> 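Take this structure first; my questions come after.
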Amino acid sequence: VEVFERIVLLMGETNTEANRELAGRLAAQVDQVERVVNEIEVREEAGLGGRLANSWLSTRVLTSLATRNPLPGFNTHRLKVVSSAGTVYLMGNVTRDEGDQLAEIVRNVRGVERVVKVFNYTDSGPDLHG
């Protein structure tokens with residue numbers, strides 16, 4: 001479970017769809033939660049090796065963002081980067097353009113299979129990225 005400014009991100013694995021749905025419902029009932037992004041997968045639990053791989057992938061992504069950042073003045077401390085089973089979740093307050101550019105950098109990091117944007121967009125318009 002990761003939380004960023006009233007958005008709850010659920011990720012990982014569980015053995016049944018009922019457990020996945022229950023986790024989402026319980027998270028939504030917590031006071032001051034505005035949005036729940038339920039990315040829990042129904043599959044076998046990741047072992048220690050999987051958890052270490054997640055941490056290593058997050059570190060590679062943050063390093064890539066710090067060294068290849070095309071956004072002048074953008075500070076990676078504005079982001080929360082979390083990984084689970086090859087999926088990288090990006091959380092933070094960004095404009096739509098910043099979010100798209102950051103996601104493109106992350107897509108090209110070795111080991112990243114999927115990028116999920118869980119952003120609060122600071123510019124106007126509908127939230128198309130969920």
Side-chain angles (χ1 to χ4, degrees):
V1 177
E2 292 289 333
V3 179
F4 182 85
E5 295 198 10
R6 300 182 185 201
I7 297 175
V8 175
L9 170 63
L10 303 174
M11 69 203 142
E13 54 281 323
T14 185
N15 57 354
T16 68
E17 181 63 29
N19 286 345
R20 179 188 182 285
E21 291 173 8
L22 176 61
R25 282 195 309 271
L26 292 173
Q29 293 173 3
V30 173
D31 190 36
Q32 298 187 17
V33 168
E34 291 181 3
R35 182 170 59 152
V36 175
V37 177
N38 190 345
E39 289 284 322
I40 295 174
E41 296 181 32
V42 179
R43 62 180 168 89
E44 188 176 317
E45 181 180 354
L48 177 60
R51 289 190 292 276
L52 290 173
N54 292 336
S55 292
W56 180 238
L57 183 56
S58 292
T59 300
R60 278 199 316 268
V61 165
L62 284 167
T63 300
S64 232
L65 288 171
T67 59
R68 298 189 332 208
N69 187 348
L71 306 172
F74 185 83
N75 185 336
T76 57
H77 295 291
R78 289 175 45 199
L79 289 179
K80 183 179 259 193
V81 175
V82 185
S83 301
S84 179
T87 298
V88 175
Y89 302 92
L90 302 173
M91 303 177 84
N93 294 321
V94 298
T95 66
R96 292 176 191 286
D97 185 52
E98 288 173 333
D100 290 344
Q101 289 184 56
L102 293 166
E104 190 58 34
I105 292 169
V106 172
R107 278 186 188 91
N108 293 301
V109 172
R110 185 176 42 87
V112 174
E113 296 174 16
R114 184 173 149 227
V115 177
V116 177
K117 297 183 281 185
V118 189
F119 290 132
N120 285 321
Y121 291 105
T122 58
D123 47 358
S124 61
D127 183 0
L128 302 176
H129 299 288

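Since the structure is predicted, the reported quantities are computational estimates derived from the model, not experimental observations.
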> In the structure I gave you, are the side-chain heavy atoms of Glu39 and Val116 within less than 4.5 Å of one another anywhere?
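Yes; the side chains approach each other to less than 4.5 Å.
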> For Ala85, does its backbone N or O pair with a side-chain atom of Asn54 as donor and acceptor, under 3.5 Å?
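Side chain of Asn54 to backbone of Ala85: a pair is present.
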> Looking at Arg96 and Tyr121, would you say the former's side chain and the latter's main chain have a donor-acceptor pair under 3.5 Å?
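Not a single qualifying donor-acceptor pair exists.
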> Rounded at 0.5 Å granularity, tell me how far CG in Leu57 sits from CD in Glu113.
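Taking CG in Leu57 and CD in Glu113, the distance rounds to 9.0 Å.
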> I'd like to know if the side chain of Ser58 and the backbone of Ser83 have a donor-acceptor N/O pair within less than 3.5 Å.
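Judged by distance alone, yes, a pair lies under 3.5 Å.
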> Please find the pair of heavy atoms, one from Val36 and one from Val33, that lie closest to each other, and give the distance.
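Scanning both residues, the minimum pair turns out to be CG2-CG1, 3.8 Å.
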> Are any side-chain N or O atoms of Lys80 and backbone N or O atoms of Val3, one a donor and one an acceptor, separated by less than 3.5 Å?
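Confirmed, Lys80 side chain pairs with Val3 backbone.
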> Taking the side chain as every heavy atom from C-beta outward, state whether Phe119 and Ile7 have any atom pair closer than 4.5 Å.
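Of all side-chain heavy-atom pairs linking Ile7 with Phe119, none is under 4.5 Å.
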> With a 4.5 Å heavy-atom cut-off, do Met11 and Tyr89 have their side chains touching?
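Contact flag for Met11/Tyr89 side chains = yes.
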> Working to the nearest 0.5 angstrom, can you tell me the gap between Asn93 CG and Asn120 CG?
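Between atom CG of Asn93 and atom CG of Asn120 there are 5.0 Å.
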> Roughly how far apart are Leu90 CG and Phe4 CZ, rounded to 0.5 Å?
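CZ of Phe4 is found 11.5 Å from CG of Leu90.
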> With sequence neighbours excluded, what pairs up with Asn15 under the side-chain hydrogen bond (donor to acceptor under 3.5 Å, both in side chains) test?
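side-chain hydrogen bond (donor to acceptor under 3.5 Å, both in side chains) check on Asn15 returns Asn19.
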> Do Val82 and Leu10 share a hydrophobic cluster (ILVMFWY, side-chain heavy atoms under 4.5 Å, transitive)?
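No: no chain of side-chain contacts under 4.5 Å links Val82 to Leu10.
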> State whether the side chain of Arg20 and the backbone N or O of Ile40 hold a donor-acceptor pair below 3.5 Å, judged by distance alone.
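Indeed, once roles are kept as given, a pair shorter than 3.5 Å links the two residues.
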> Do you know which two heavy atoms are closest between Lys117 and Gly99, and how far apart they sit?
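Smallest heavy-atom distance, with atoms named: CD-O, 3.8 Å.
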> Which atoms form the tightest heavy-atom contact between Val8 and Ala27, and what is the distance?
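So the two residues come closest at CG1-CB, 4.1 Å.
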> To check you understand the geometry: which heavy-atom pair defines the closest contact between Arg110 and Arg60, and what is its length?
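Answer, listing the atom of Arg110 first, then Arg60: O-NH2, 2.8 Å.
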> Mind listing the closest non-hydrogen atom pair of Ser84 and Arg43 along with its distance?
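Where Ser84 meets Arg43 most closely, the heavy atoms are OG-NH2, 4.4 Å.
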> Rounded to the nearest 0.5 Å, how far apart are OG1 of Thr95 and CG of Asp123?
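Result: 5.0 Å between the selected atoms.
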> Between Val94 and Glu98, which heavy-atom pair has the shortest distance, and what is it?
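Shortest heavy-atom contact: CA-OE1, 3.4 Å.
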> For Leu62, what residues pass the side chain to side chain contact (heavy atoms under 4.5 Å, CB included) criterion, not counting sequence neighbours?
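Partners of Leu62 by the side chain to side chain contact (heavy atoms under 4.5 Å, CB included) criterion, ordered by chain and then number, come out as Val81.
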> Does any non-hydrogen side-chain atom of Val118 lie less than 4.5 Å from one of Arg35?
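They are in side-chain contact.
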